[in-house]
Asker: 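After the structure tokens below, expect a handful of questions from me.
Computed from heavy atoms alone, side chains included, the values below leave out hydrogens, waters and symmetry copies. The residues of the chain are indexed from 1 along the displayed sequence.
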Amino acid sequence: QVQLVESGGGLVQAGGSLRLSCAASGRTFSRYTMGWFRQAPGKEREFVAAITWDTWSSGTTSYADSVKGRFTISRDNAKDTVYLQMNSLKPEDTAVYYCAARTGWGLFRSQYEYADWGHGTQVTVSS
């Protein structure tokens, strides 16, 4: 099991940027596939982005269509941290953002495929 702590959320105007961080501890972070999910009020939790662990690159990535071209997921294995850079934010990006982790290599897009979760960080985008 790995412990995850998100940070970096806040209030931002539409068109602005935020960078979320997720610090991991407890296991070998470099062998975990990491994901970001979000949940808006009254809606189900949805996939945002995922990044694998690769021995040949900094990680293979996957994005939800709604954030593709605006959000970037990355990881720093030396710091046991995964990031979500969010640019050109829209009011519909308002949600609680969760970091998730699982063992195994793959671009997993379902919340049910992840074993470990952080407590979330609130992102609010005003119009």
Side-chain angles (χ1 to χ4, degrees):
Q1 186 176 10
V2 62
Q3 289 76 47
L4 304 171
V5 179
E6 303 96 334
S7 62
L11 173 64
V12 64
Q13 288 188 332
S17 298
L18 282 174
R19 188 175 81 155
L20 305 183
S21 299
C22 173
S25 62
R27 288 297 179 100
T28 307
F29 174 79
S30 62
R31 288 296 183 264
Y32 274 73
T33 289
M34 303 298 296
W36 284 99
F37 290 77
R38 66 187 182 186
Q39 187 167 19
K43 296 187 176 181
E44 292 190 357
R45 190 172 298 185
E46 65 175 2
F47 171 78
V48 175
I51 186 167
T52 63
W53 56 270
D54 294 340
T55 57
W56 60 90
S57 75
S58 56
T60 303
T61 59
S62 176
Y63 297 93
D65 288 343
S66 59
V67 307
K68 199 173 294 183
R70 299 188 298 123
F71 290 12
T72 302
I73 187 172
S74 62
R75 65 191 298 161
D76 185 339
N77 290 336
K79 296 182 178 180
D80 291 349
T81 301
V82 63
Y83 303 98
L84 185 68
Q85 177 66 45
M86 306 186 295
N87 299 328
S88 302
L89 283 160
K90 305 175 181 180
E92 50 264 43
D93 293 319
T94 295
V96 177
Y97 283 70
Y98 297 91
C99 176
R102 62 156 291 156
T103 56
W105 193 99
L107 293 168
F108 306 101
R109 300 168 69 96
S110 169
Q111 60 174 314
Y112 303 107
E113 296 178 296
Y114 288 82
D116 300 308
W117 292 83
H119 292 293
T121 184
Q122 176 71 47
V123 171
T124 303
V125 184
S126 63
S127 57

Asker: Side chain of Glu6, backbone of Thr121: donor and acceptor closer than 3.5 Å?
Answerer: no
Asker: Answer yes or no: is there a side-chain heavy-atom contact under 4.5 Å between Trp36 and Cys99?
Answerer: yes
Asker: For residues Gly9 and Leu20, report the shortest heavy-atom separation together with the two atoms involved.
Answerer: N-CD2, 3.6 Å
Asker: Taking all atoms of both residues into account, what is the closest heavy-atom pair of Ser17 and Asn87, and its distance?
Answerer: OG-OD1, 2.9 Å
Asker: I'd like to check Tyr63 versus Val48 (side-chain heavy atoms, cut-off strictly below 4.5 Å). Are they in contact?
Answerer: no
Asker: Taking the side chain as every heavy atom from C-beta outward, state whether Tyr97 and Met86 have any pair of such atoms under 4.5 Å apart.
Answerer: yes
Asker: Taking the six-membered ring of Tyr83, is the NZ or CZ of Arg19 close enough (under 6.0 Å from the centre) and on axis enough (within 45°)?
Answerer: yes
Asker: Using a 4.5 Å cut-off on heavy atoms from C-beta on, say whether the side chain of Arg38 contacts that of Val67.
Answerer: yes
Asker: Would the distance check show the side chain of Arg75 and the main-chain N or O of Phe29 forming a donor-acceptor pair, the cut-off being under 3.5 Å?
Answerer: yes
Asker: Is any NZ, NE, NH1 or NH2 atom of the basic residue among Asp93 and Lys90 found under 4.0 Å from an Asp or Glu carboxylate oxygen of the other?
Answerer: no
Asker: Does the Thr33 side chain pair with the main chain of Arg102, one donor and one acceptor, at a distance under 3.5 Å?
Answerer: no
Asker: Between Arg109 and Ala64, what is the shortest heavy-atom contact and its length?
Answerer: NH2-CA, 3.9 Å
Asker: So, the side chain of Tyr114 versus the backbone of Phe108: is there a donor-acceptor pair under 3.5 Å, distance only?
Answerer: yes
Asker: Measure from the side-chain N and O atoms of Thr52 to the backbone N and O of Thr60, and report whether any donor-acceptor pair falls under 3.5 Å.
Answerer: yes
Asker: Any donor and acceptor pair, going by atom type alone, linking the side chain of Thr94 with main-chain N or O of Val125 inside 3.5 Å?
Answerer: yes
